[in-house]
Each structure stands twice: as C-alpha cells, then as structure tokens.
Amino acid sequence: MEEEKKSLNFLEEIIEDDLKSGKVSSILTRFPPEPNGYLHLGHAKSLCINFGLAQKYGGKTNLRYDDTNPTKEDTEYVDAIKEDIKWLGFNWEKELYASDYFDQLYEWAEKMIIEGMAYVDDQSQEEISAGRGTVETPGKESPYRNRTPEENLRLFREMRDGKYADGEKVLRAKIDMASPNMMFRDPIMYRIKHASHHRTGDKWCIYPMYDYTHGQSDSIENITHSICTLEFDVHRPLYDWFIKVLDIYPSHQYEFARLNLTYTLMSKRKLLELVQKGIVAGWDDPRMPTLCGVRRRGYTPEAIKMFCDKIGVSKHEQLMDIQLLEWCVRQDLNARANRYMVVQDPVKLTITNWPEGKVEWFDCPLNPAEPEGASRKVPFCGELYIERADFMEDAPKKFFRLKPDGEVRLKYTYIIKCNQVVKDAEGQITELKCTYDPSTRPGAGEWRSVKGTIHWVSREHAKKITLRNYDRLFTLADMSQVPEDKDYKDFLNPDSLTLGCGFAEPALLEDNSGIAVQFERTGYYVKDADSTPAESIFNKTVSLKDSYKPE
Ligand code: ATP
Ligand code: MG
C-alpha cells in the first residue's frame, strides 16, 4: 500500500483520498484559459494534468473560457484554443464561458449588498491601492464603506445601467481592512468597463473580477478539483470565502508549479509583443513556444505529452531543460518518421567507372526499424552530390568518412574509393573523382564492411528545397533572470532563423506521412504550409543528435 502511494503525485493522492472517503463520487476538472492569446507549452502541462487526472479516474474535464476582461479578449483566440486542445488529443465534456454566469454573478452581488457584505466605493484606483496598507500595517477603511445596503443597491444598479464612467466606482466585498491576508482587505468584485465583450456584446458595462468569478464558476459547474498554478495559492482563502458566504457547491482549489523552460518565455503578454512588433512571423512562428508554433516546427502531440509526463507534477517552481523536450521529440520521431537523404552543402562526386547513362533504383526502407516495411525508391548514377563536410583532404586518423585513397559506403549502395580531388583556381574543391566496387552491392554476395557510411543524392534527380533552420529564440537560459536595466528583447538570438537550401532525393516531395521526416544523418524536418508547387519549404524540427541524456 505504501509502495503504491509513493508513485502517485500529490494531486493523485488527494483525488484517491477524496474518492475513497466518499467526499466526491466522481471527479470533474476544468481547463480555464483566458482567450487573450494562444496556448503555449505551459498550458500543455496544465491540460495534461487536468485531462490526465480526469481520464485516470474516470472523470471529466470542462473547457471554460475565463472571459471577464473584454478589452483583451477575442474570438480568434477562442477558436485557436479549441484547435490546439484537440490537436493534443483531449476531448472536453462541456464548452463553457465565465460570461455565461454574468447574470448569476450579478444576482449574487446584489444578495451580498443586501446582506451588508459588499459596498460601492467611489475612491480612485490609486486611493484604493494606497488604502490597502502593507503586510506590516493595516489598511484604512474607505469613507464610503458604511453606506446603507439601500444606497449601495441603488448605486450598483446605476453602475450596471451605465450611469458612471470607467473607474468612477467599484463594488467591493466588505471583509476586513486589517486582515493579515491582503486579499481580504475589501477586494474589488466589479469594475466599470464600457467595452464590448466578444460574447455578451454591449449588455454589460460592469465586469466581475477574477476572484469574484473563478470559484463561483467552478461551483456552478460542480468542479471537484480546481487545479491552478502556485501563484494562486494566496487567492485560495478568498476563493473559499465567496463559496462559503454564498453557500454554494464547495469546489476546492489545488496549486501546482508552473512550467518554466530554459531559453523560453511563456508570458502571453510578451509573446503578443513579439507578434505585434514583427519580431516573429506570427503566433505560429516555429520559434514560438505556442502550441501552434511547435506544431509548425514539427513537434508532435505524443512528444509533448511524453515531456509533460516526464516532468511530473510538483509544488516547487523549477526551470526545466528545453533539451528534455527536444529529447522527447527525437524519441517520438525516431520511431515514426520516414527517412530521406538530403545534401545541404554539396560537393560533386563522379564515379568514373559507372556505365554512362545508367540509373539504378534502390529500394530503401522508409524506417530502418522496419526493414521489411514500406520503402521508397532512390536513384543512383554516376554523378552525385555528397556533403562537403563528409570529405577531408588531410584527414586525421579517426576520420572515417571520405578521404583521398579512402573508402566509404554510399548509404544503401556501393563502396566507393576516392582517386582524385579536383580544385578551382582558389583551391576550393569542385569535384571528387571516385570508382565504385560493383561487388559491394547490398544483397549481392558477401558483405564487405567499411568504417564510414555517408548520405548522397543523384545530381540529375535531386530536388532543390528551401530550408528554414531554427534555433533558440533567446540566448539567456533563465529568462526570469533578465537584469533590471535590460529588457527581455535584449536577449533575442540574432541567429534564431537561418535560411538554407538542400538537394533532396525525389521521394521526399511525395511524402504524405503528415509528420516530420528525418533527413538522414542531419535532423528532423517538416514541410511548411508556405510551400508552393514551385518551392518546397522545410522547417527544422530538431537536430538528430545531442549529447543530452535525461536522468
Ligand atoms: P500568462 O501569464 O501567460 O498570460 P495565464 O496563466 O494568464 O498565462 P491562462 O489562460 O489564464 O493563462 O491559463 C489557463 C490555465 O493554464 C491556468 O490554469 C493557468 O494556471 C495554466 N497555466 C498558464 N501558464 C502555465 C505554465 N507556464 N505552466 C503550467 N500551467 C500554466
Ligand atoms: Mg490567467
């Protein structure tokens, strides 16, 4: 029993206890995005936790948009969020909106006013902030705090009816201006905002605050476990307080550590700035940590879920290594991605003893893990390209690729030997003249092995493709440590995107696997939607190898 408990995370322990004690009979979680931006990898962690727990314990998860801030929200985001959640493979029970509860919340506010638990305050935002006091000193009561319920009700209705300008009045809960918990020092429940809402239009000009909305929304839906990030732990007592005074279904809030990743920023406000200033090409720029960005980069839902599973659920803030995520992407793609040969920095290689005009088509597996599985046909002839870096004139002993008088196998085909190096007037190598050994054809006779195998393409058949090579967007590992006198934009990596080209075996352009492919010996790449019939564009997903090993 003890053993079993150990492997559970703290949320699973809570849920198992609640199910066992009968506190709840089934679990219902929710994912509550504010539709003011696109989902990012941090949200993926929250999604995996909320949907994952529900799945594990036979429960359900609602998708609830936390849409109480009309000036920043938009249906563009509402739609994109749904698309991203579906892409990750999660299905929500109900699609709901905090704005669905505006009438109910308003009714409860009137009830609190009548019962003397809320009042209309005429102080300015600055006066209210100053009056809150500090952790050491108690706050000061507002001069409007002791208005009668009748007066408060009349003023609140006038606020609702549009009689006042933004900021002229607010509705506050009447709790305790000396409370050691600053959250209890008469928190604001409603503010005036003459703005159109993406769903309720111009019906309202007062909007409820987060603290007055979130717990009640959970309660209305009978959410059993309301899971959010650590910074909300100071809000929990207030969450509980509103539920208690309104005497409604007792949802409970639990907090976990948010995901932070090296070389990555996940604040929606800053991501929006990158988009608006044109620093990236859009929310789905493959350098962005957004789900649409990493999707365009070629990351798979499986890899992201594997990553979330590996990092687990904890109560302590942590900076996770982006290399762990990249490792997960490699793990997943290594098992599934089709292989193709692409030469990026070509040097011409001529096979002098190859019969003039002959083309031999090799049947090569799409995935070496399944040698009997699907294959592609690769043309071989006397004029090829190999990678410039795969040849070295004055090669050290350990260099097992091509060198003068040395042998190497051209992947899937013959062993060749380099006999002559041709150079131009500047001394730049322009051609390698080689001979092939016909007896080394795989499957024909005895297998002869050489130390090195390199990739190649037939010059005549090669398709030129455009490459977008991506690197980290930022140069600082811990982006929470940007010095006071600097801006996060000072740490943008100027080389986060470099354009290149490649020469690909023809089958690449017919690939319809729908996921990233492996360019053998280099990395994983995915075809970009910007491709046209005339130009194929491939985004670099992740390089093939890294010294990184997860613990
Ligand atoms: P941001 O600060 O980037 O604007 P947010 O927390 O305001 O993010 P929401 O749309 O309110 O974004 O988040 C929806 C849910 O996702 C919340 O429950 C929130 O706690 C969770 N979430 C947001 N960022 C992270 C993160 N980095 N790691 C884990 N969960 C996160
Ligand atoms: Mg938020």
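Predicted model, so just to flag it, every value in this text is computed and none were measured. Counting begins at 1 with the first residue of the sequence. Basis for what follows: all heavy atoms, side chains included, without hydrogens, waters or symmetry-related copies. Indexing begins at 1, ligand by ligand and atom by atom, following the structure's order.
When the heavy atoms of Arg64, Arg258, His214 are ranked by distance to atom 24 (N) of ligand 1, first place goes to Arg258. With Cys228, Gly42, Pro35 as candidates, the residue nearest to atom 30 (N) of ligand 1 on a non-hydrogen basis is Gly42.
At least one N or O atom of Leu259 sits closer than 3.5 Å to an N or O atom of ligand 1. Considering backbone and side-chain atoms together, Met266 places an N or O closer than 3.5 Å to an N or O of ligand 1. The shortest N or O to N or O distance between His43 and ligand 1 is below 3.5 Å. For ligand 1, one of its N or O atoms has an N or O atom of Lys268 under 3.5 Å away. In terms of polar-atom proximity, Glu34 is counted as a contact of ligand 1, with an N or O under 3.5 Å from an N or O of the ligand.
When only modelled atom types and interatomic distance are considered, Glu73 and Tyr65 share no side-chain donor-acceptor pair under 3.5 Å. Using modelled atom types and a 3.5 Å distance limit, the side chains of Ser219 and Ser251 yield no donor-acceptor pair.
Between Glu95 and Lys82, at least one side-chain nitrogen of the basic residue sits less than 4.0 Å from a carboxylate oxygen of the acidic one, meeting the salt-bridge criterion.
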Under the criterion side chain to side chain contact (heavy atoms under 4.5 Å, CB included), I'd like the reasoning laid out for Met209 against Met189: C-alpha separation, chi angles, the key distance, then a yes or no.
CA-CA 5 Å; Met209 302 296 287; Met189 294 165 59; 5.7 Å; no
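Using a 4.0 angstrom heavy-atom cutoff, Arg269 does not count as in contact with ligand 1.
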